[in-house]
Amino acid sequence: RRLPNWLSAMLAVLGLAAALRYGGVELLGSSLIHAAIALCVGIILHAFGWIGGGDGKYYAAAACWFPLGLGIALLFCVAIAGLVLFLGWFGLRRLRGIEMELVPDNPDAAKLPYGLAIAAGSFAAAALTLP
């Protein structure tokens, strides 16, 4: 249930390196702007308690792989993956008779592991948009 900092950092560094390698400074700059916007939005959503801090930083790291012009494609793919994850996660829990309530000794047990949707959506967006 945790997205470690090293994982997000590695994803970001590799994405920015790929941008520099394949598109030069212009693509690197566009990817950095996309990641900065994603991180700012993630911080705001986390401040309201709508997403976890790890999810915000992981999405921003994934955004490093996409120039700003592909930001909507990434967001759409992650949202669709999130919807599929939501339906599967809670549908399976309901079929198995697992309560949706928070358990005092494990408050994260009922939370949706959205990092999976970010990863799946990122792969889908890359497959659909990147050369």
Side-chain angles (χ1 to χ4, degrees):
R1 300 278 175 164
R2 302 279 183 244
L3 290 166
N5 290 335
W6 67 264
L7 180 64
S8 296
M10 183 178 66
L11 184 64
V13 167
L14 290 174
L16 294 174
L20 182 61
R21 165 68 175 90
Y22 294 108
V25 175
E26 182 179 329
L27 187 60
L28 175 65
S30 180
S31 295
L32 275 171
I33 291 169
H34 181 202
I37 292 169
L39 185 60
C40 289
V41 171
I43 289 169
I44 292 167
L45 294 175
H46 177 65
F48 283 106
W50 295 341
I51 66 169
D55 295 331
K57 71 180 174 191
Y58 189 58
Y59 186 92
C64 291
W65 285 86
F66 299 88
L68 186 57
L70 295 178
I72 296 298
L74 175 62
L75 182 62
F76 178 77
C77 288
V78 170
I80 294 299
L83 177 62
V84 170
L85 177 66
F86 173 80
L87 294 173
W89 178 261
F90 288 110
L92 213 83
R93 289 174 64 90
R94 188 165 181 97
L95 285 174
R96 292 179 60 203
I98 299 172
E99 294 293 324
M100 299 296 182
E101 301 167 359
L102 293 178
V103 180
D105 59 335
N106 188 4
D108 290 337
K111 291 182 181 177
L112 186 70
Y114 206 75
L116 297 173
I118 296 169
S122 298
F123 280 115
L128 292 171
T129 62
L130 297 180

Practice item. Scan residues 33-52 for pairs that pass side chain to side chain donor-acceptor pair (under 3.5 Å), counting only residues two or more places apart or in two chains. Key: none

All N/O donor-acceptor pairs, side-chain side in residues 65-75, below 3.5 Å, sequence neighbours left out:
from, atom 1, to, atom 2, distance (Å)
Trp65, NE1, Leu11, O, 3.0

Linking I/L/V/M/F/W/Y whenever their side-chain heavy atoms sit closer than 4.5 Å, directly or via other members, would [X] and [Y] fall into one cluster?
{"X": "Val13", "Y": "Trp6", "value": "no"}
{"X": "Trp89", "Y": "Tyr114", "value": "yes"}
{"X": "Val41", "Y": "Ile44", "value": "yes"}
{"X": "Val78", "Y": "Tyr58", "value": "yes"}
{"X": "Leu14", "Y": "Tyr59", "value": "yes"}

Revision key, fill the gap. NZ of Lys57 to CG of Asn5, rounded to nearest 0.5 Å, is 3.5 Å

Result block: side-chain N/O donor-acceptor pairs under 3.5 angstrom for residues 122-131, not counting sequence neighbours:
from, atom 1, to, atom 2, distance (Å)
Ser122, OG, Ile118, O, 2.7
Thr129, OG1, Ala125, O, 2.6

Please report, to 0.1 Å, the donor-acceptor pairs under 3.5 Å made by any side chain of residues 79-88, with sequence neighbours excluded.
none

Review point. Is Leu39 isolated, or which residues cluster with it under the ILVMFWY side-chain rule of less than 4.5 Å, directly or via members?
Key: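 Once heavy-atom contacts under 4.5 Å are chained together, Leu39 belongs with Ile43.
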
**Study point:** Connected hydrophobic set around Leu32, excluding itself, where side chains approach under 4.5 Å
**Key:**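 Taking Ile, Leu, Val, Met, Phe, Trp and Tyr as members, Leu32 shares its hydrophobic cluster with Leu16, Leu20, Val25, Leu28.
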
Review point. Between Ser30 (side chain) and Glu26 (backbone), is there a donor-acceptor pair under 3.5 Å?
Key: no

